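One structure is given below, encoded as structure tokens.
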Protein chains: 2
Amino acid sequence: MSAPSYPEAILISERTIGRLAQYRRILTELVRDNLETVHSHQLALRCGGSAAQVRRDLMVIGAEGSPNKGYKCAKLLASLAEFLTQPGTQKVALVGIGNLGRALLSYSHKQQPGLLIVAAFDIAPDKTNKVIDGCRCFHIDTLESVIKEQNIKVAIIAVPGEAAQLVADRLAIAGVRGIVNFAPAPLHLPPSVFVENIDVTMSLEKVVYFAAKGTQSERNKSA
Amino acid sequence: MSAPSYPEAILISERTIGRLAQYRRILTELVRDNLETVHSHQLALRCGGSAAQVRRDLMVIGAEGSPNKGYKCAKLLASLAEFLTQPGTQKVALVGIGNLGRALLSYSHKQQPGLLIVAAFDIAPDKTNKVIDGCRCFHIDTLESVIKEQNIKVAIIAVPGEAAQLVADRLAIAGVRGIVNFAPAPLHLPPSVFVENIDVTMSLEKVVYFAAKGTQSERNKSA
DNA sequence: CTCACATTGTGAAAGTTTTCACAATTCATT
DNA sequence: AATGAATTGTGAAAACTTTCACAATGTGAG
Ligand SMILES: NC(=O)c1ccc[n+]([C@@H]2O[C@H](COP(=O)([O-])OP(=O)(O)OC[C@H]3O[C@@H](n4cnc5c(N)ncnc54)[C@H](O)[C@@H]3O)[C@@H](O)[C@H]2O)c1
Ligand SMILES: NC(=O)c1ccc[n+]([C@@H]2O[C@H](COP(=O)([O-])OP(=O)(O)OC[C@H]3O[C@@H](n4cnc5c(N)ncnc54)[C@H](O)[C@@H]3O)[C@@H](O)[C@H]2O)c1
């Protein structure tokens with residue numbers, strides 16, 4: 001017996017996972033447009049990377065293309081979808097129904113296959129106990145019970161910076177394993193919770209800097 | 001005489017610039033709270049990095065701290081502000097007054113010292129020729145003239161993906177040198193224009209992946 | 001005044017990510 | 001069938017980023 005002692009599941013970098021998600025989005029379009037096959041350099045063009053990088057990324061999920069013909073769109077899309085976990089499957093919670101929160105609700109709602117925000121929370125009574133863009137809005141007091149009831153594992157934080165850590169702690173205790181954080185404050189959480197920060201002000205300041213000084217190529221990318 | 005032939009202005013990485021912007025934000029708070037000095041490890045805690053990294057970052061702008069006492073908050077803030085170009089100085093344009101665009105307008109408006117959105121554009125007549133959150137909204141047809149008139153160098157794109165490249169081209173021709181792009185499409189522009197992509201869907205998918213699989217530490221960060 | 005200590009500044013090591021470059025493979029055409 | 005052109009898969013190099021670790025340096029206590 002003894003656990004098979006896997007070759008220690010090769011861990012895949014955050015960067016690579018992000019790009020794989022992009023490839024999925026692109027392939028969804030290609031398949032919709034009835035494209036049969038696609039070359040690495042075409043994918044590179046559509047995501048802003050290099051062909052070599054596309055091939056390397058696809059290597060990690062064991063995708064196979066054929067020389068001179070490239071990758072089969074449908075097959076590759078299926079591989080990516082399986083690898084990344086089906087979209088639409090994951091239920092997402094939103095905390096903070098302010099200006100940004102409402103934009104995200106309308107966005108989630110519109111996305112075709114995308115991730116779905118199924119519950120939103122706020123502390124302001126006038127924002128709760130209603131349905132916005134098809135999503136039920138609850139008072140923050142019910143956060144734990146709703147998250148557990150619906151077995152939600154992913155959340156988005158869109159509350160003011162001062163409230164972010166408190167909200168994050170509660171989410172983590174309620175069982176959330178991954179958070180997208182829009183508040184400009186670092187979250188201190190156990191490493192079992194994955195956090196992705198989106199800091200719009202920081203991005204703007206970067207752009208201001210490089211717009212003023214000489215630019216720095218528009219390489220790499222994305223949040 | 002002869003131009004001093006600078007030691008070839010050491011080019012500073014995008015990552016570092018982003019963190020310097022974070023330090024500035026943190027220091028603004030510290031100064032507001034009348035803190036005299038700050039240690040590298042305190043800054044690290046408040047931005048989610050390591051003390052060594054903070055020191056290395058500050059090194060590139062030639063900041064000086066004193067052993068055992070750390071950095072002088074006021075002086076460091078001044079150095080950062082000078083290095084990054086004064087905030088509030090830079091005028092920003094917004095293209096796309098949809099759900100996200102309006103959230104950004106209200107945000108810009110609220111930010112204390114922050115970057116200021118001074119002109120917004122949309123193609124829909126019902127969104128233009130009014131003032132939202134203190135920002136004048138114009139029809140997209142007037143983009144070139146307004147941008148040139150106000151000498152705007154930085155813009156935010158918040159239009160649907162299909163329109164993004166077209167808008168970007170027009171911005172670049174009008175003289176914009178840096179763009180924050182929220183549309184999930186890569187922009188192909190001359191390298192003299194700096195582009196920072198913020199891809200919310202990609203970030204969410206990353207979080208979904210790492211929430212499902214074992215996590216990957218909440219290291220590094222931000223957009 | 002001297003000592004013990006906390007902290008900076010930084011060269012060098014370690015780690016990570018991207019790019020290069022090329023053999024192997026497939027397909028279209030002759 | 002053989003040739004040539006295009007493209008994949010991937011080891012190895014290059015480039016870049018972070019961490020380590022420690023000498024140098026102020027600071028405050030005794
Ligand atoms: N608006 C933007 O475009 C934008 C862009 C980038 C980042 N952000 C960040 O996103 C966050 C939200 O921004 P916003 O513009 O939507 O602000 P907002 O003030 O419009 O909305 C914040 C919402 O959070 C709610 N809230 C406050 N404390 C709470 C708590 N403890 N629990 C639950 N809900 C609480 C408020 O009632 C409000 O509805 C802020 O941290 C902001 O810095 C906003
Ligand atoms: N809403 C979100 O939370 C969110 C999050 C991440 C990314 N995004 C992306 O940001 C962009 C905008 O999202 P949104 O939710 O605000 O969409 P939206 O449909 O609410 O707004 C888009 C706006 O762009 C305008 N527009 C369309 N074509 C234009 C053109 N050629 N020139 C000028 N204006 C034009 C429309 O009139 C509309 O007002 C999209 O690319 C979306 O994928 C949105």
Side-chain angles (χ1 to χ4, degrees), chain A residues 8 10-20 22-23 27 30 35-73 75-76 79-80 186 206 210 216-223, chain B residues 7-8 10-20 22-23 27 35-73 75-76 79-80 186 206 210 216-223:
Chain A
E8 201 40 76
I10 325 95
L11 54 78
I12 297 162
S13 90
E14 222 179 292
R15 294 305 230 337
T16 299
I17 296 296
R19 286 188 299 261
L20 289 174
Q22 289 190 272
Y23 304 150
L27 280 161
L30 297 180
L35 269 285
E36 202 62 37
T37 62
V38 66
H39 294 307
S40 56
H41 68 90
Q42 294 174 308
L43 281 173
L45 197 68
R46 297 193 55 152
C47 78
S50 74
Q53 182 149 73
V54 169
R55 294 202 299 276
R56 206 164 269 290
D57 288 338
L58 295 181
M59 215 174 77
V60 312
I61 65 163
E64 295 187 1
S66 67
N68 218 9
K69 239 184 53 181
Y71 302 88
K72 292 206 162 185
C73 294
K75 186 162 159 244
L76 185 52
S79 305
L80 283 166
K206 268 168 69 170
F210 286 113
Q216 172 112 318
S217 103
E218 28 118 16
R219 276 286 110 158
N220 26 20
K221 273 33 289 294
S222 305
Chain B
E8 198 42 76
I10 325 97
L11 57 79
I12 296 164
S13 89
E14 224 178 291
R15 293 302 225 349
T16 297
I17 295 296
R19 285 188 301 260
L20 289 175
Q22 289 191 270
Y23 304 150
L27 281 160
L35 268 286
E36 203 60 37
T37 62
V38 66
H39 294 309
S40 56
H41 67 89
Q42 295 174 308
L43 280 173
L45 197 69
R46 298 191 56 152
C47 82
S50 74
Q53 181 146 77
V54 169
R55 292 202 299 276
R56 199 160 274 290
D57 288 340
L58 294 181
M59 214 174 79
V60 313
I61 64 161
E64 294 188 0
S66 67
N68 218 10
K69 241 184 50 182
Y71 301 88
K72 293 207 165 189
C73 294
K75 187 166 157 236
L76 185 52
S79 305
L80 282 166
K206 266 167 69 170
F210 286 113
Q216 173 116 321
S217 102
E218 25 119 15
R219 272 300 103 156
N220 20 26
K221 284 16 301 286
S222 306

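Everything quoted here is computed from the prediction, not taken from an experiment. Convention: sequence-line order gives letters A, B, ...; per-chain numbering from 1.
A straight line from CG of L58(B) to P of dT10(C) spans 12 Å, rounded to a whole angstrom. The separation between D57(A) atom CG and dT8(D) atom C1' is 15 Å, rounded to whole Å. Rounded to whole angstrom, the span from the NZ atom of K72(A) across to the P atom of dT7(D) amounts to 17 Å. Between the C1' atom of dT8(D) and the CG atom of L43(A) lies a distance of 13 Å, rounded to the nearest Å. One atom, CD of E64(A), and another, C1' of dT26(C), lie 14 Å apart when rounded to the nearest Å. As rounded to whole Å, 16 Å separates atom C1' of dA13(D) from atom CD of Q53(A). Regarding L45(A), its CG atom lies at a distance of 16 Å from the C1' atom of dT7(D), rounded to whole Å.
For the pair R55(A) and dG9(D), the criterion of a side-chain N or O lying under 4.0 Å from OP1 or OP2 is not met. Phosphate contact (OP1/OP2 of dT19(C), side-chain N/O of S50(A), threshold under 4.0 Å): present. Contact annotation: Y71(A) does not reach the phosphate of dT26(C) (side-chain N/O to OP1 or OP2, under 4.0 Å). At the phosphate of dT18(D), OP1 or OP2 sits under 4.0 Å from a side-chain N or O atom of R19(B). An OP1 or OP2 oxygen of dT8(D) is reached within less than 4.0 angstrom by a side-chain nitrogen or oxygen of H39(A). At the phosphate of dT8(C), neither OP1 nor OP2 sits under 4.0 Å from any side-chain N or O atom of S66(B).
The ring pair (Phe, Tyr, Trp, His ring centres under 6.0 Å) analysis of residues 36-64 of chain B, with sequence neighbours excluded, yields the pairs H39(B)-H41(B). Annotation: side chain to side chain donor-acceptor pair (under 3.5 Å) contacts involving residues 63-72 of chain B, sequence neighbours excluded, are absent.
Using a 4.0 Å heavy-atom cutoff across all strands shown, S40(B) reaches sugar-phosphate atoms only and no base atom.
For P186(B) against G48(A), the heavy-atom pair with the smallest separation is CB-N, 4.0 Å.
Set against dT19(D), dA6(D), dC5(C), the side chain of N68(A) has dA6(D) as its closest nucleotide. Comparing dT19(C), dT17(D), dT7(D) by their closest approach to the side chain of H41(A) singles out dT7(D). Closest to the R15(A) side chain, of the nucleotides dT18(C), dG9(C), dT19(D), is dT18(C). If you check dT8(C), dT18(D), dT10(D) against the side chain of R56(B), the one that comes closest is dT18(D). You'll find that the side chain of P67(A) is closest to dT26(C), out of dT19(D), dT17(C), dT26(C).
Among I17(A), L20(A), L43(A), the single residue meeting the side chain to side chain contact (heavy atoms under 4.5 Å, CB included) criterion with D57(A) is L20(A).
The OH atom of Y23(A) sits 9.5 Å away from the CG atom of L80(A) when rounded to the nearest 0.5 Å.
Map A52(A) and K69(A) each onto its nearest nucleotide of DNA chain D; the residue landing nearer the 5' end is K69(A).
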